[in-house]
Amino acid sequence: MRPATTAVHAGRPPHQPDQPLNAPITMAATYVAGGQVEYGRYGNPTWTALEDAIGALEGGRCLTFASGLAAVATVLDLVGAEGVVVAPRHSYNGTIGQLADLESRGRVRARLVDVTDTAAFVAACEDAALVWLESPTNPALEVADISAIATGAHEAGAHVVVDNTFATPLLQQPLAMGADIVVHSATKYLAGHSDVQMGALVTGDDALYDVLKGRRDLLGAVPGPFEAWLTLRGMRTLALRVERAQANAAELADRLRAHPAVRAVRYPGFGAIVGLELADADTADHFQHGVELWVYATSLGGVESTLERRRRWKSEPETIPEGLLRLSVGIEDVEDLWADLARALEA
Ligand SMILES: *Cc1c(COP(=O)(O)O)cnc(C)c1O
């Protein structure tokens, strides 16, 4: 099956009389003993349906978590004492925050590198235990050469992890490019409606799957069954949403580039996140308050278009320009989106 079909059909009950078409929400903290699951922290049929669908799209086995950062923490927790973790200097600020926290307690050594410089990034992997990639990066929108870096990192004996939140498995499948683990903030495009917090890990390695499952069982950052159901419901329209949002983003990136008030536009040529750089922090602050249809809000990947100046967050790296806004382009009519941006730019 092609991915758009998989997104609609994966994770459903078998086609048999009186089976529901959708996996039901199973609210269960415990199960009658003697079976496979036993307890609510170890498994849930609604998670399994969602994990089957995400796993099928990424080409591996999936584990879901209470949030994207719970999934990130589970992976970083694999690194042994003082192990070196190499990551893009413009990784998602929550990931950088976890690395800084672990480093401050002597748990790991974090090495943040410019991910667009493939040779320098591979060289930095020399003694790494874990190589973290995010592509495109949030919010700088830099694209990594995943295959080349994965090859170099594996030669150095490191595991390779790719945060695939921005691209979604429809636009990029990191396991096929050599990654060992894929991370998702399923809060974003997979769920797609700004109403669920959800994370996921996917791996093609059975031994690694068992280790990660063991960490989830032990640490307990498990998702709620209702959230798992909502995420899977959202994924049924993933292909349509990504297709429409991406077309809108490409069109808006072109129009923004031609506008005299715009200093720079970042758009990697795929996906639906656009970086819009205005003159300075003040101009960008006025702009984010000046839009009416677009929502001034953090997060991304929902059906509705949102934007924010990223440096309003103290945790954002200082190499991110003060005037950079991150636009998460939704699935509205592009003319309405443009009219609102153009009016706010004039103001
Ligand atoms: C939002 C985000 C996360 C964190 O996910 P949460 O669901 O908010 O915990 C991780 N990585 C990227 C790229 C993100 O955008």
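All of these numbers come straight from a predicted model, not from anything done at the bench. Values reported hereafter were calculated over all heavy atoms of this structure, with side chains retained and with hydrogens, waters and symmetry mates removed. Atoms within a ligand are numbered from 1 in the order they appear, just like the ligands themselves.
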* To do: Output yes when a side-chain donor or acceptor of Tyr31 lies under 3.5 Å from a complementary backbone atom of Gly43, and no otherwise.
  => yes

* **Contact partition for Leu69 relative to ligand 1, non-hydrogen atoms under 4.0 Å** => both

* **Polar contact flag for Glu134 and ligand 1 (N/O pairs, less than 3.5 Å)** => no

* To do: For atom 5 (O) of ligand 1, find the nearest protein heavy atom and state the residue, atom name and distance (0.1 Å precision).
  => Ser185 OG, 2.9 Å

* Asked: Applying the 4.5 Å side-chain criterion to the ILVMFWY set and letting contacts propagate, would Leu201 and Val131 be lumped into a single cluster?
  -> no

* **Close N or O approach (Val72, ligand 1; < 3.5 Å)** => no

* **Val160 reachable from Val202 in the ILVMFWY side-chain graph, under 4.5 Å edges** => no

* Structure fact -> Here the atoms of ligand 1 under 4.0 Å from any heavy atom belonging to Gly68 are 5 (O), 6 (P), 7 (O), 9 (O)

* Looking only at protein heavy atoms, which one is nearest to atom 1 (C) of ligand 1, and how far off is it? -> Lys188 NZ, 1.4 Å

* Asked: Of all the atoms in ligand 1, which lie at a distance below 4.0 Å from a heavy atom belonging to Thr187?
  -> 7 (O)

* Glu335 vs Arg255, salt bridge (Lys or Arg N to Asp or Glu O under 4.0 Å): CA-CA, chis, key distance, verdict -> CA-CA 11 Å; Glu335 297 304 335; Arg255 294 189 192 183; 2.9 Å; yes

* Just jot down the ligand 1 atoms closer than 4.0 angstrom to any heavy atom of Gln197, in number order. => 6 (P), 7 (O), 8 (O)

* Asked: Between Glu134 and Thr95, is any side-chain donor less than 3.5 angstrom from a side-chain acceptor?
  -> no

* **From Leu300, Val274, Leu276, Thr306, residue fulfilling side-chain contact (heavy atoms from CB on, under 4.5 Å) relative to Arg326** => Leu300

* Distance to 0.1 Å, residue and atom name: give those for the protein heavy atom nearest to atom 10 (C) of ligand 1. => Tyr92 CD2, 3.4 Å

* To do: State plainly whether one hydrophobic cluster holds both Val183 and Leu99, where clusters connect Ile, Leu, Val, Met, Phe, Trp and Tyr through side-chain heavy atoms under 4.5 angstrom apart.
  => yes

* To do: Give the numbers and elements of all ligand 1 atoms closer than 4.0 Å to a heavy atom of Asp163.
  => 10 (C), 11 (N), 12 (C), 13 (C)

* Between Glu308 and Trp313, is any side-chain donor less than 3.5 angstrom from a side-chain acceptor? -> yes

* Asked: Which atoms of ligand 1 are found less than 4.0 Å from any heavy atom of Asn138?
  -> 14 (C), 15 (O)

